[in-house]
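Treat the numbers as computed from the prediction; the structure is a model and nothing was measured.
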Amino acid sequence: MSQNHRPVPRLDLAPKLKRPLSLWNPLDYLGLLYWVFYFPQALRWYVSTFGGESNLQDAKTWRERWEWLRQNSVQRQLILQALMLIIVIPVVSSRLFEEIGISIDWLGVAWVVAWGVALGVAWGVTSGVVSGVAFGVAWGVVSGVMSGAASGAAFGVPSALTLFGLASGVASNVALFGVASGVASEVASYVAFFVALGVALGVALGVASGVASEVASYVAFFVALGVALGVGLCVVSAHPINWLFALPFTLLQRQQKNRQFPHFTPLPLPSLSFQIANWLRRDWETGLHNINQLLRFTLQFIPVVKAVNRVLAEIPKDQLIYRVAQLSEDPYDWKLVRFASASLSGVMKSEAVAWFFILTPWRQQIKAFFQTEIRLNTPARASAAGFWYLHEQQPDKATEAFAVVRELLYGDEMFTLAQILTFYQTRELAEITSLKLPSSPNPPLLRETTWQAIASLQRVIADVQLVQYSVSRSVRSFALNRALGELETILNSPDIIPQSERNLIIQTAQKWQEILLQVTGKIGDISITQPVSIPYIIGDPVQGNLFVGREDIIRQLEELWVKGNPLQSVALYGHRRMGKTSILLNASNCLGSKVQVAYVNLLRVGDCSQGAGELLIFITDAIAKTVNIPPPADRDLLDLPYLTFGRYIEQVIANIEGGLIIAFDEFEKIEELIEAGNINQDFIGFLRGMLQMSSKVAFVFAGLHTLDEMTEDYFNPFFASIIPPIRVGFLSLGATRQVLANPHDDFLLDYKPEALDRIYELTHGQPYLTQLVGFLLVRLYNDQVFEIGRPRDPMFTLEDVATVINDPEFFSRGRYYFTGVWGQATQGASGQQEILKALAPHLEGINLDRLSQETGMDETSLQEALKTLERHDVVRESDGCYSITVELFRRWVQISLGGKE
C-alpha cells in the first residue's frame, strides 16, 4: 500500500497511566520525577484526568484555596508526593556525597530544601497545583542536591552562580515551557532573556567587585561568566540532548502510530513538518487531532505551524473557510490560528530582539523591522485572521478579515456574524433597545448553534424594547422575565457555541443580564388581587397561543405540505393523550394559507349502520366547513357514496388555490367499522384512489398505531402512498418548561427552575400530565391565597409539586390517561400488562433475566411485548434495564395493584 493510501495514524501521546499515583509505591515517585524533568505536560494531563474539574482559580482567598485543596484528594496527594521528593532526594544525595568524602553543609541543604518546599507550596496555592509541583520539585531537587556539595567544597562565587543558573534554568524551564505555556513560539524570547540576564549579572558583579582594584580584569571575568551563564541557561531551555535522543526515532519510525516524540525540546525535528502536512492532506480531521496531541504533549510548535500554513495554502477556495473553522473548533493552543496568518519567524525575531536590547532606547525601533502583524494578503491568512480576531474579542478587525473572503463559501455568513458581534460593547439599556442586527443568512450554515444564540439575543432585544416603551406593567414584567430567561439559557449552555465567538456571546449575555437585573426593581412585582385564571387545558385539545412545544412536528408537516410538491400523505402515531389532536387542529394555522386542513374526528362517527355513505357524509361535512363549499345531499351519498364523494372532491379541487389535507383522527375506527361489517373492505382502496385524482389532496392518519401495525389486508393499498410515519412523542425539557411557565403572555405565576425540572422528571414531558400538574398547581395557589387567606409568593416550588402529586385526587383526575394507557396494553402482543406489573415496584428498572423470572414469560413473547411497549413509549430500555417511561404512570400502576408508593 502506497504512503498516500495508508490510513493516517491517530496519535496518542498521553501517559499510559490507568490509575492515580500512590503515596506508597516507590515507582510512582520515580515516574513523577521523570514527568517533572522530561515530560512536564503529563502533570497537567494527570490533574485533568484524575483530579476532577474543580478550578483553583475560582478560590479567591487563602482560606478558600486551602478548603479547595482539602476537597481535592488527588491534587492534595500530588503535592505531598512532590514535597517528599523535594525533601528526600537532596538529603539522600548529600548523605551519599558525604560517604565519598565530600564535606556537606547540612545547614545549606536544609535552607535550600526549605526554600524549595516554600516556593512549591506558595506557587501551587497561588498559580495552581501543576505549576507548584513542577517548579517546586525542579528547584528543590536540583538546588538541594547541589547546594550541599557546592558549599562544602567551597567552590566560591563562580560555583554559586553556576548553581543558581542551573537550578533557576531548570525550574523556570519546567514551569514556563513544560507546564504554563506549552508553546515553542516563545523560545527565542527566553533564549534572549537568559543571555541578557547573564550579561547584565556579569557586568554588575564585575563592576561591584572591581571597585577596589583592577576594574577591567574583574569586569572582563564576570562578563565572560555572565555570557557563559546565559548560554548555559539557553542550552537548558533548548534541551538539545532531548532532541538528539528523539532524532533516530523520528527518522526510522515516521509511520508508527505511537512513535517517539521529544516532550521537552522546542528544537524542530527534521521532516516532522512535512509529515504533519501529509497527514493533513490525507485526512484533515485526524491530522488536526494529531496536531493537538503534539501541541499538548510536546513543544514542537514550529513544525506544526509550518505544516498548517503549507496545507492551508493548497486548499481549494470553496473548502477554505470550512477547513479553517475546523482548525479553530478546538485547538489546544489558539496561537496556532494566529500564526496561520501572522509570521511566526517574524514574531520570534522581534521578541528576541526585545529581550536582548531590553535596556537600550532604540529597542522599539529595532523591533519594528520585523513583520509581526496579522496579514490578510491571501484567502487562507484572511480566513484564519477572522477566526483569531473573533477569539480575541475584536469583531471589528474580524469583519475586515472576513470581508477579504466574503465571496467564498461561508464567507458572507462569517462576515455578517462578525458585524453582529460588535454589539458586545453595549452597556446601557437604551443601547440594547436601539440595536438593529443584520438578518441571519440562509442555510446551509457553518455556525448553526451560534445563530441560534443570536436569535435568542434578538428576542431579548425585542423584549427589552417592551421593557423600555410599554405602558403596561405586566407586559414589561413578563418581557423582562422572558429576556432574562433567554440570557440564562445562553449562559447555561456555553459549550454549544464554537470557541472563536463563544467569549463574545457569553460576555454579551452577561453584560445584558447585569443591565436587566438593575431595572428589575424599577419595574416591580405584579400584584395579584383576584384568583388567577387557569390557562392549562386537560382533556380537550390545546389551540391558539396555548399550543406550544410541537414546533418540530409542525416543521416536518410544513416540509411535506408547503415546501413539498405534490402534497404527501402521512401517518401520525403516539400513545394516548400525547397531543395528536392538538397538532391536527393547529396545523392549518401554523402552515399558512397555502394548505387547508379538514379535521375529521372518527370517534364521533358512530357505527355507520347505513354503510360507507354515512361515513362519507361525516367527512364531507368536515371538508365543507373548511373550504366553504356546500357538501352533496345526504341521500346522494347514501345511494352512490363513492361516485358522489369523488365528484365533490373534484369540485373542491377546482375551487381552492392551495392544497387540501383530510385529517383522520383516531383512524383505527375505520378498521373497527370494517371488522364489524358496516363498511366494505374496499373503502381503503377507494381513499387511495382519491390521492391519485390530484396532487392537491393528501390524507393524515392519526392514531395509536402506524399503518403497518394495522390489519395488512385493509391498509395495504396505502403502504406505497404514505411516507414513513411521524412519531408524536414526549415534549422535550425545554418545551415542557415553556408549556408550564409561559402558557400565555398574561400568566401571573412563575416556577422555580427545580420545580420545572421535577415536573419533567415525573411526567417525562407527557403533554396531558404536564397540563394536569399545571392545572392543579394554579388551583392550589388560588385555594391557599383566596380561600384560606394564606399569603405566599407567586412562585411554585418543589414543595408545591409534591403537594399536588401526593394528593389522591391527582390520580383520580388523571384516570383517563392512566386507564387509557393500561387498556392499550391489552392490544397487540400478549403479556404487556404482566410486564408493567413486574416493572412498577422498580424505580430504576430491572434487567431482562429478572423480568422474565417475575413475569414467567418465554423469551420470544417477552421480547415481542417489550417491543410493543417501547414503540408506544410506555417502557424504555437503558443499559440493559427496562423501566416504565413515565414516573407518574409507574406510581399509578403501583397504587392500582394495592401497593404503596
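Closest heavy-atom contact between V893 and A840: CG1-CB, 3.6 Å. Shown here for E834 and G831, the closest heavy-atom pair between the two residues is OE1-CA, 3.1 Å. In terms of heavy atoms, S830 sits closest to A865 at O-CB, 3.5 Å. The shortest heavy-atom contact between A509 and L491 is CB-CD2, 3.7 Å. The nearest pair of heavy atoms linking V773 to F810 is CG2-CE1, 3.8 Å. Minimum interatomic distance between Y536 and G774 (heavy atoms only, all atoms of both residues): CD1-C, 3.1 Å.
Annotation: the span from R876 atom CZ to C881 atom SG amounts to 12.0 Å, rounded to 0.5 Å. To the nearest 0.5 Å, atom CD1 of residue I805 and atom CD1 of residue I759 are 7.5 Å apart. Residue L869 holds its CG atom at 9.0 Å from OG1 of T885, rounded to the nearest 0.5 Å. To the nearest 0.5 Å, atoms CZ (R482) and CG (L466) are separated by 6.5 Å. In this structure, E864 CD and Q832 CD are separated by 9.0 Å, a value rounded to the nearest 0.5 Å. The line from OG1 of T450 to CG of L504 is 10.5 Å long, rounded to the nearest 0.5 Å.
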Test W512 against V464 for side-chain contact (heavy atoms from CB on, under 4.5 Å), laying out the working first. CA-CA 10 Å; W512 289 13; V464 170; 6.0 Å; no

Hey, mind stepping through F889 and H764 against side-chain contact (heavy atoms from CB on, under 4.5 Å) and telling me if it holds? CA-CA 10 Å; F889 179 65; H764 200 71; over 6 Å; no

May I have the step-by-step check of side-chain contact (heavy atoms from CB on, under 4.5 Å) for Y882 and L848, ending in yes or no? CA-CA 7 Å; Y882 290 88; L848 200 61; 3.7 Å; yes

For I432 and I515: C-alpha separation, side-chain torsions, deciding distance, then whether side-chain contact (heavy atoms from CB on, under 4.5 Å) applies. CA-CA 10 Å; I432 300 176; I515 294 170; 3.9 Å; yes

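Counting only distance, with no hydrogens or angles, the side chain of D621 and the backbone of F618 share no donor-acceptor pair below 3.5 Å. The backbone N or O of N847 lies less than 3.5 Å from no partner atom in the side chain of R850, so there is not a single donor-acceptor pair. Here the side chain of R737 pairs no donor or acceptor atom with the backbone of L756 at under 3.5 angstrom.
Enclosure of atom NZ in K511 by more than 12 non-hydrogen atoms of other residues, nucleotides or ligands within 6.0 angstrom is indicated. Applying the 6.0 Å contact sphere to CD of E754 captures more than 12 heavy atoms from other residues, nucleotides or ligands.
The side-chain heavy atoms of L888 and Q766, taken from C-beta on, include no pair separated by under 4.5 Å. I490 has its side chain out of reach of T508: every pair of non-hydrogen atoms, C-beta onward, lies at least 4.5 Å apart. Q518 places none of its side-chain heavy atoms less than 4.5 Å from the side chain of L429. Contact check for D757 versus L733: side-chain heavy atoms found under the 4.5 Å cut-off. The closest side-chain heavy-atom distance from I420 to L457 is not below 4.5 Å. Side-chain atoms of D800 and L780, non-hydrogen and from C-beta on, do get closer than 4.5 Å to each other. Here the side chains of M857 and I835 are in contact, with some heavy-atom distance below 4.5 Å. Side-chain contact between L740 and T770 is present, with heavy atoms from C-beta onward closer than 4.5 Å.
Residue pairs meeting the side chain to side chain donor-acceptor pair (under 3.5 Å) criterion with at least one partner in residues 777-789, sequence neighbours excluded, are R779-E809, Q784-R790, Q784-R792.
We find that R890 and E887 are joined by a salt bridge, their nearest charged nitrogen and carboxylate oxygen being less than 4.0 Å apart. Under the 4.0 Å criterion applied to side-chain N and carboxylate O atoms, R758 and E761 are assigned as salt-bridge partners.
Using a 30° and 60° split on the angle between ring planes, F818 and W892 fall in the parallel class, below 30°.
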